[in-house]
Number of protein chains: 2
Amino acid sequence: MNFVFNERDGCGKCPIRHRAVCARCDEDELSVLEGMKSYKTIEQGEPIIWRGDDLHHISSVVSGIASLSRTLEDGRTQVVGLLLPSDFIGSPGRQTVDFDVTAVTDVTLCRFERRSFEKLVQDVPHISQRVMEMALDELSAAREWMVLLGRKTAREKIATFIEMVVRRDTVPIHAGQPHTLPLTREEIANFLGLTLETVSRQLSSMKKDGVLTFEDRRRFTVLDLAALQDATGDDADGGIIV
Amino acid sequence: MNFVFNERDGCGKCPIRHRAVCARCDEDELSVLEGMKSYKTIEQGEPIIWRGDDLHHISSVVSGIASLSRTLEDGRTQVVGLLLPSDFIGSPGRQTVDFDVTAVTDVTLCRFERRSFEKLVQDVPHISQRVMEMALDELSAAREWMVLLGRKTAREKIATFIEMVVRRDTVPIHAGQPHTLPLTREEIANFLGLTLETVSRQLSSMKKDGVLTFEDRRRFTVLDLAALQDATGDDADGGIIV
DNA sequence: CATCGGTATTGATCTGGGTCAAAGTTGTTG
DNA sequence: CAACAACTTTGACCCAGATCAATACCGATG
C-alpha cells in the first residue's frame, strides 16, 4: 500500500529512523560501526550507483529522495522504487545492486563499509530480523505496485500516486493543506508506466474535475479526497474487508 | 530475473529445499517444530487463503504451484507471484497475507504453527538471516517483474515468460527437449498484465516465426533460443555488463 | 462415441494511451 | 531583464492491445 512512504517505528531522535542501524541512537549495539560510518552527499540528478557496480558500502538515506530504476537498451525506463530517509541502498550478502540508483533530490547518505555491516548482521540477531522485516514490507509494497502497473488505467495510476503522496505528508492534518510532488512529470511517468504527456493530461483532467488545484507545478491541494480515493481503483480503505 | 523459479541452495534430500526450515534435514535445529508440522493438500483451482485472512500457519510449498494475486472490484486480476516448492506462504511477524493465494495445480503444503515458527525465528539467528535472504531475492525478482509490467510490449512479455519457463526446466539440457507451460492462457495473461487473447495471438505469432512449436496446448519446444532471448527486451545475458 | 464444459484460437472492430509536434511557463544566468 | 534551457501543457493523429464475437479443440462423462 505504502510503496513510497512506509511508516516505520523510528527512534525519533534522528533522520535514520531504524533504531537497529541508527548509530546515533543505539551507540552500544552499533559501536562496532562507529569508526566506519561516513556521510556523503549526492547532488540532484546525479547517479549514486549503477546496476552491477561493486558495492563497497551499505548506505542509509539520511535526507532527500533517491530512485531505483532500470532502463532497457532503447531508453524505456521503469522506476521500481523510491528510497526515502531510513531506506537502504545495498543489502547484506549482495555484491552488487540490481538497479540504477539516482538522486532525485539532493541526497545525504550515511555509509557503512559493507563487510563490517555484514559481520554485524551475523553477530547481532536483532539486526537481521529488522532487515528481514524491512525486506518483507518492501516486497509487499512492490507487489502492490505490480497490480498498479499491470492492471490500472492511467487515471487510476495517477490517483493512486497522488493519494500516496498525500498520505505520506503525514504531519499537517489541516484539511486543504498544500502538498508537494517530489518528482517531475517524467519521473512520475517512469514510476507509473506511462508517458509524461499522459501524466500531464490526467493531472489537468483531475484539476478540471475539481479534485485538485495546483498552486504551481509542484505544489497542489486536494479539494475532494473522496473522489481521489474513489479514482484509485482500490478497496475503500485499501484494507481488509473479510 | 528469476521471478518464478529461483535457483536456491537446497539440501538435496527433500522437497523443502531450504535447509534452514527443512525439518527433515536439520533435525537438531528444528526439533522444536517437529511435533508441530502438518501436511495438507489443496486441489487445483481451490483457494489456499484469502487476502486479509488470519494466518494461523506459516506454510512451505512441498509440491505443486500456487499463485499470489489481487483482484480489483471489477474483476481485473493481477498475479504478483508464483509459489513453487520451497516457497513460503505467510511471513513471521505478519498476522495476515496481503494477497489471495490459490492452488494453480494440486498443492501439498508443509505447515508450521505460526507462533512456534516466529519463536524459532527469534531464537535461531540463522533462520532470520535465511528468511531475510529469501525476501531480498523475491524483492529483486518482483522489481524485475515491475519493469516487465510497466515497460515491455506484449511480445517481450511473452518471450520473457517463456524464457523463464525454459530456464527453470533446469534438468534436461538436451536441446529440443519439450517443456510444459504451468499455467493456462488466462493465468499467463493475468501474470503478464495482458488479456488471454493477446497471449494466444503472441504464442501463435512466435510459432509462425519458427521460434517455438507446440506438441499440444501445454507442451512446447523452443526451436530458436537466440531469437527467444532477443525478443525478451533484456540485456544479452540478463546480467551485469558494467 | 455423442454431448458438453472448459479452454484456445482467430477475426473484426474499437479505444486508451502512445507518438509527434508546437506552444506556453518558469527559473536561471550573464 | 533578456535570453535560454528545462519543464509542462495541449493538440492531432496513430497503433498496440483490448473488447466483442464466433468457431475450434480437447478431455471427461454417461
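First the proteins, then the strands, lettered A, B, ... as listed; each starts at 1. In what follows, every heavy atom counts, from backbone to side chain, and hydrogens, waters and symmetry copies are set aside.
A side-chain donor-acceptor contact under 3.5 Å links A:T105 to the backbone of A:I65. For A:S140 (side chain) and A:D137 (main-chain N/O), no donor-acceptor pair under 3.5 Å exists by modelled atom type. The main-chain N or O of B:F191 is found under 3.5 Å from a side-chain atom of B:W145 such that the two form a donor-acceptor pair.
Residue whose closest nucleotide on DNA chain D sits further toward the 5' end, between A:E186 and B:T153: A:E186. The 5' end of DNA chain C is approached more closely, in terms of each residue's nearest nucleotide, by B:L196 than by the other of A:T198 and B:L196.
A salt bridge links B:E163 with B:R167; the closest basic N to acidic carboxylate O contact falls under 4.0 Å.
Between A:S204 and D:dT10 there is a side-chain polar atom (N or O) within less than 4.0 angstrom of OP1 or OP2. The phosphate of D:dT9 has OP1 or OP2 within less than 4.0 Å of a side-chain N or O from A:R185. Distances shorter than 4.0 Å separate some side-chain N or O of A:T195 from OP1 or OP2 on C:dG18.
In this structure, the nucleotide among C:dA8, C:dA21, C:dG18 sitting nearest to the side chain of B:T184 is C:dA8. Distances from the side chain of A:R217 to the nucleotides D:dA12, D:dT8, D:dG17 place D:dT8 closest. Taking every side-chain heavy atom of A:S200 into account, D:dT10 is the closest of D:dC7, C:dG17, D:dT10.
One interatomic measurement links the two molecules: CD of B:E215 to C1' of C:dA8, which rounds to 17 Å at whole-angstrom precision. The distance from atom CG of A:D216 to atom P of D:dC7 is 15 Å, rounded to the nearest whole Å. Atom CG of A:L194 and atom P of D:dT8 are 15 Å apart (whole Å). One can place CZ of A:R218 at 19 Å from P of C:dT25, the figure rounded to the nearest angstrom. If you take CZ of B:F220 and P of C:dT9, they are 13 Å apart, rounded to a whole angstrom. Rounded to an integer number of Å, the gap from CG of B:L149 to P of D:dA16 is 20 Å. Rounded to a whole Å, the CD atom of A:Q202 is 14 Å from the P atom of D:dG11. As a whole-Å value, the separation of B:I158 CD1 from D:dA16 P is 16 Å.
For B:R201 and D:dT19, a side-chain-to-base donor-acceptor distance below 3.5 Å is present, hydrogens and geometry of angles not being considered. The base of C:dC20 lies close enough to the side chain of A:E197 for a donor and an acceptor atom to sit less than 3.5 Å apart.
Surrounding CD of A:E197 are more than 12 heavy atoms belonging to other residues, nucleotides or ligands, all under 6.0 Å away.
In this structure, B:G45 reaches neither bases nor backbone, as no heavy-atom distance under 4.0 Å exists between it and the strands shown.
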